[in-house]
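To start, the structure itself, in structure tokens.
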Amino acid sequence: MKKNIIYIVLLALVTSISFSSCEDMLTPDMDRNDEIDAVAADTLYSYWGILKSLQSVAERYVVLGECRGDLVSGTEYVSDSIHAILDFQTSDVATADGACRYLKASDFYHIINSCNAYMAQCDTLRRTGTDRSVMIKEYAQVASIRAWVYLQLLLAYQRVPLIETPVLSTKDIDAVHNAGRFVTIDDFADSPIVQKLEEVANVDYPNYGEYSSLVHSTLCLYPQHLVLGDIYLLRGKQGDKDSYRKAAQHYYSYLNSEWGGVIQTNSMFGLMERNRITDYFELATTSGWPGMFNTTTEVDATQEVVTVIPSSMSKLFGSVQRGIQQLFGFDSETSVRTNAEDTVTTVAVTLYENFKHELGASKAYVNLNRAQDYEAYIGEDNTRTCRVINGAGDARYYMTTNERPDPESDNFETVNFVMKQNMGSGLVAIGLGGGSALVSRMNSIMFPTAYPIIYRKGSIWLRFAEALNGAGFPGYAFAILKSGLCGNDAWVPTLATRYQPDEIRYFGVENGDSTFFASADELKDSYIQRATNEGVVFSEDEATRETEYQTYLTDNGITLGRDTLSYNEWPDESYVPEDLVCDHIGRRETREAQSYPFFTFQTDKGYLRGSGTSYTYAVGGTDREIGSSLSTYELNGDALTTGIHTRGCGRILPNERSTVFNYVDQINKMLAQDGESTLTKKEIYQEANLPKVQKAIAHLILDELALETAFEGNRFFDLVCYSRFCGNPDELAKRVAARSGTMDAALRSRLQNESNWFFKLPTR
């Protein structure tokens with residue numbers, strides 16, 4: 001059977017090498033790129049051909065990633081092939097390899113074979129006059145693309161043939177066929193594919209400026225450290241700190257570079273607006289969060305989007321991908337016009353709602369968003385308070401989905417539309433040739449056609465948080481969600497020699513037994529009340545009364561005391577308790593963090609230093625007021641950064657103690673949802689409870705991944721990583737089976753067998 005699978009795959013590879021023509025959408029202006037050596041031009045065209053071949057798997061990245069998750073559901077119009085994927089019908093004819101456009105293993109292997117051929121033939125030893133290897137940057141990228149494609153194969157099929165040499169002839173087929181090698185999720189990180197990528201992990205990226213499709217070439221890069229981080233994160237299992245530490249190191253290596261950086265503060269979160277007459281809160285107008293997706297410019301530390309698989313809006317300029325738009329409810333009409341005078345071609349796309357679309361947001365996704373607490377500061381500057389805006393939910397939900405009344409239904413029933421994979425009115429879409437004009441009938445904020453987005457800062461930081469949590473640092477992971485993690489002293493605590501005691505209690509000891517009270521007054525009142533109940537009458541004179549009280553204690557053998565409970569957890573140093581920023585990061589974590597380079601935030605270079613625009617709290621006009629963020633002078637650091645959760649739930653000062661999004665409450669909230677007993681504040685920081693705390697933080701991160709990255713193609717990966725971390729396949733099963741709002745017992749039972757998560761490779 002193994003040989004049959006390999007042989008079928010190999011037969012499809014002999015003619016699979018990809019090349020790019022000079023007219024292709026992923027070709028730069030060769031005359032304007034000094035880095036391109038003329039002798040290496042052919043090799044470069046092969047590299048661009050590999051980039052183009054990725055378009056063949058772009059749509060299935062989203063379909064297979066989301067339909068096997070818990071955030072989308074099929075509508076009454078869902079096709080058989082999509083329904084089969086949603087229902088994990090892995091042995092059904094609808095999901096047979098090649099029968100469904102989204103399931104064809106040979107497409108992945110076509111890309112892999114092209115990568116193998118490129119790496120076998122690329123002359124990385126050729127040097128320039130400055131002694132720089134001509135093709136080493138492209139070679140590293142091809143190694144990264146090859147590993148990324150293998151990762152997608154593993155997520156689709158779990159166990160796949162390993163082919164690391166080019167298959168160009170029947171002789172090659174025989175050699176690979178006889179070897180019969182396979183890789184799995186568990187051992188892929190140890191394969192030659194990943195070892196080769198590790199060797200070139202620190203090679204810089206090529207930059208050819210803007211491609212002819214009007215997308216910058218740096219947006220088509222697959223950063224080596226990010227692909228490696230994903231590989232080790234997926235390999236991680238319950239208790240496997242080594243894999244999580246390797247993943248954390250790779251994510252950190254990218255973030256702590258000129259390409260990485262912190263989560264930016266600029267308009268990337270929702271604001272709430274209150275009508276003072278009705279006292280009703282609603283979303284204020286903002287385009288910041290969805291706007292950050294719409295970019296075609298060079299990647300840098302301030303930009304959200306890192307990697308895309310671009311699509312053209314017209315066949316004149318390359319591959320056109322409309323499948324995801326149509327699945328989520330949008331048909332499109334393209335018009336192309338060329339100006340006769342200057343031969344500039346303009347492409348216009350009009351989107352039309354299709355109420356009979358196949359996929360929509362699941363009830364589970366909707367309920368998760370609505371259950372979030374939106375917080376804002378309300379009131380004048382000197383009296384403002386942190387308030388929870390009841391019923392508001394997560395602001396990102398309103399920017400990602402939309403309910404629209406169907407004019408053809410009997411009662412104008414509302415239909416759910418997912419906006420995230422579609423073009424926005426007035427926005428330049430990636431993949432255009434010449435100029436662009438975009439028209440839309442949708443009266444809402446929407447996203448560009450540059451789908452899928454493979455990597456962006458939000459997802460990278462959340463995966464970094466996953467890795468830190470798995471490595472034993474749940475407090476640092478929570479910091480990424482709450483207020484950001486960067487190099488300002490106010491954000492990352494260091495190991496201190498002194499620690500702030502967390503609690504002082506008062507007690508009375510009688511016959512060896514202690515009774516504890518929160519304050520000295522409560523202790524005294526308790527014994528005075530006891531004496532009164534026993535018939536003791538105390539004097540009205542305060543001095544005499546105190547003497548009588550002490551006599552009562554002595555006569556009854558009661559001694560009083562004060563006990564300082566130090567959990568030995570609080571990094572104190574120069575902070576007073578009210579100004580302590582990272583109170584969720586305890587002593588054990590700060591002590592152990594000194595041993596790992598992924599906590600070495602290099603603020604001198606500025607990559608992981610807080611940055612962004614100041615947002616000062618302001619009161620609006622007579623009818624409305626806005627709860628907004630706070631200016632930099634209120635922080636100990638010199639600049640702002642932000643946490644992922646604040647993007648949808650309001651920005652709160654990191655030292656705000658009244659916020660509901662705090663470490664202790666959120667851990668116990670997740671534990672309660674999982675049917676676990678909750679922990680006291682003291683117990684949370686005890687090392688014996690670390691696995692329980694990690695599970696709660698992993699659950700919290702999984703929810704945040706849903707809120708931040710829904711419908712982008714990542715969800716199955718997220719659920720697999722979470723289930724492996726928990727050591728329980730039911731963690732994926734119960735979420736997917738309950739996505740409709742009710743539990744599908746049959747589906748849950750089927751998915752409790754991990755092998756049923758994946759599709760079957762062809763066997764004959």
Side-chain angles (χ1 to χ4, degrees), residues 61 64-65 105 108-109 111-112 115-116 119 139-165 179-203 222-255 307 454-455 459-460 462-473 596-598 694 698 701 714 716-727 729 732 754-755 757-758 761:
Y61 175 84
L64 299 183
F108 291 103
Y109 278 103
I111 303 170
I112 289 170
C115 292
N116 289 339
M119 295 177 71
Y139 182 91
Q141 273 300 292
V142 171
S144 190
I145 291 170
R146 181 175 67 168
W148 181 84
V149 174
Y150 261 112
L151 187 61
Q152 308 317 306
L153 267 173
L154 288 168
L155 287 169
Y157 300 103
Q158 188 182 27
R159 181 177 180 272
V160 298
L162 175 65
I163 304 173
E164 56 175 312
T165 56
R181 300 171 65 189
F182 281 73
V183 287
T184 67
I185 288 174
D186 289 312
D187 61 23
F188 178 53
D190 300 318
S191 71
I193 302 297
V194 177
Q195 292 171 6
K196 178 60 67 176
L197 182 55
E198 287 276 17
E199 293 174 8
V200 294
N202 293 315
V203 173
Y222 288 74
Q224 300 94 293
H225 284 298
L226 296 184
V227 176
L228 286 166
D230 287 355
I231 290 169
Y232 288 114
L233 185 64
L234 182 63
R235 185 179 74 171
K237 285 184 176 181
Q238 191 176 50
D240 178 14
K241 289 186 177 181
D242 180 64
S243 290
Y244 292 115
R245 287 169 182 169
K246 286 183 177 179
Q249 184 59 56
H250 282 296
Y251 290 131
Y252 165 85
S253 295
Y254 179 81
L255 293 169
T307 302
I454 305 300
Y455 291 113
S459 60
I460 297 167
L462 283 171
R463 290 181 184 179
F464 185 36
E466 279 189 86
L468 291 180
N469 183 51
F473 301 96
Y596 297 99
F598 47 78
Q694 286 178 287
I701 294 171
N714 308 310
F716 182 69
F717 175 88
D718 299 337
L719 289 172
V720 172
C721 288
Y722 177 72
S723 297
R724 288 171 63 86
F725 173 79
C726 297
L732 179 146
E754 189 173 330
S755 64
W757 299 355
F758 304 95
L761 281 167

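Each residue takes its place number in the sequence, starting with 1.
Two residues are said to be in side-chain contact when any heavy atoms from C-beta on lie closer than 4.5 Å; Cys721 and Asp718 fail this criterion. Residues Leu761 and Pro161 have side chains in contact (heavy-atom distance under 4.5 Å, counting atoms from C-beta outward). Between Glu754 and Ile185, the closest side-chain pair of non-hydrogen atoms is not below 4.5 Å. Using a 4.5 Å heavy-atom cutoff, the side chains of Phe716 and Trp757 are in contact. When side chains are defined from C-beta on, Phe725 counts as touching Gln694, because their heavy atoms get closer than 4.5 Å. Inter-residue side-chain proximity for Tyr252 and His225 is flagged as unmet; no heavy-atom pair is nearer than 4.5 Å. Using a 4.5 Å heavy-atom threshold, the side chains of Leu234 and Leu155 count as touching. At least one side-chain heavy atom of Leu226 sits less than 4.5 Å from a side-chain heavy atom of Tyr251.
The side-chain contact (heavy atoms from CB on, under 4.5 Å) test with Tyr244 is passed by exactly one of Leu233, Leu468, Asn469: Leu233.
Interatomic distance, His250 NE2 to Phe598 CZ, rounded to the nearest 0.5 Å: 11.5 Å. How far CZ of Phe108 is from CG of Leu154: 10.5 Å, rounded to the nearest 0.5 Å. The distance from the CD atom of Gln158 to the CZ atom of Phe182 is 12.5 Å, given to the nearest 0.5 Å.
Scanning both residues, Leu228 and Ala201, for their nearest heavy atoms gives CD1-CB, 3.8 Å. The heavy-atom pair separating Pro597 from Gln249 by the smallest distance is CG-OE1, 3.0 Å. Closest of all the heavy-atom pairs between Val183 and Ser191 is CG1-CB, 4.1 Å. Summarising the geometry of Ala467 relative to Ala248, their closest heavy-atom pair is CB-N, 3.5 Å, with the distance given to 0.1 Å. The shortest heavy-atom contact between Cys115 and Ile145 is SG-CG2, 4.1 Å. In terms of heavy atoms, Gly229 sits closest to Ala247 at O-CB, 3.5 Å.
The side chain to side chain donor-acceptor pair (under 3.5 Å) pairs that include a residue from residues 145-155 are Asn116-Arg146, where partners are two or more places apart or lie in different chains.
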Go through the steps to decide whether Tyr722 and Leu732 satisfy the test side-chain contact (heavy atoms from CB on, under 4.5 Å), and finish with yes or no. CA-CA 8 Å; Tyr722 177 72; Leu732 179 146; over 6 Å; no
Verify side-chain contact (heavy atoms from CB on, under 4.5 Å) between Tyr139 and Val203, making sure each step is shown before the conclusion. CA-CA 9 Å; Tyr139 182 91; Val203 173; over 6 Å; no
Stepwise, does the side-chain contact (heavy atoms from CB on, under 4.5 Å) test hold for Asp242 with Lys246? CA-CA 6 Å; Asp242 180 64; Lys246 286 183 177 179; 3.6 Å; yes
List the steps, then state whether salt bridge (Lys or Arg N to Asp or Glu O under 4.0 Å) holds for Asp190 with Arg235. CA-CA 10 Å; Asp190 300 318; Arg235 185 179 74 171; 3.4 Å; yes
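Thr307 is linked by a side chain to side chain contact (heavy atoms under 4.5 Å, CB included) to Tyr222, Pro223, Ile454, Tyr455, counting only residues two or more places apart in sequence or in another chain.
Between Glu164 and Arg181 there is a salt bridge, since a side-chain N of the basic residue sits under 4.0 Å from a carboxylate O of the acidic one. Using a cutoff of 4.0 Å between basic side-chain nitrogens and carboxylate oxygens, Glu199 and Lys196 are scored as salt-bridged. The residues Asp186 and Lys237 are annotated as salt-bridged, a charged nitrogen and a carboxylate oxygen being separated by less than 4.0 angstrom.
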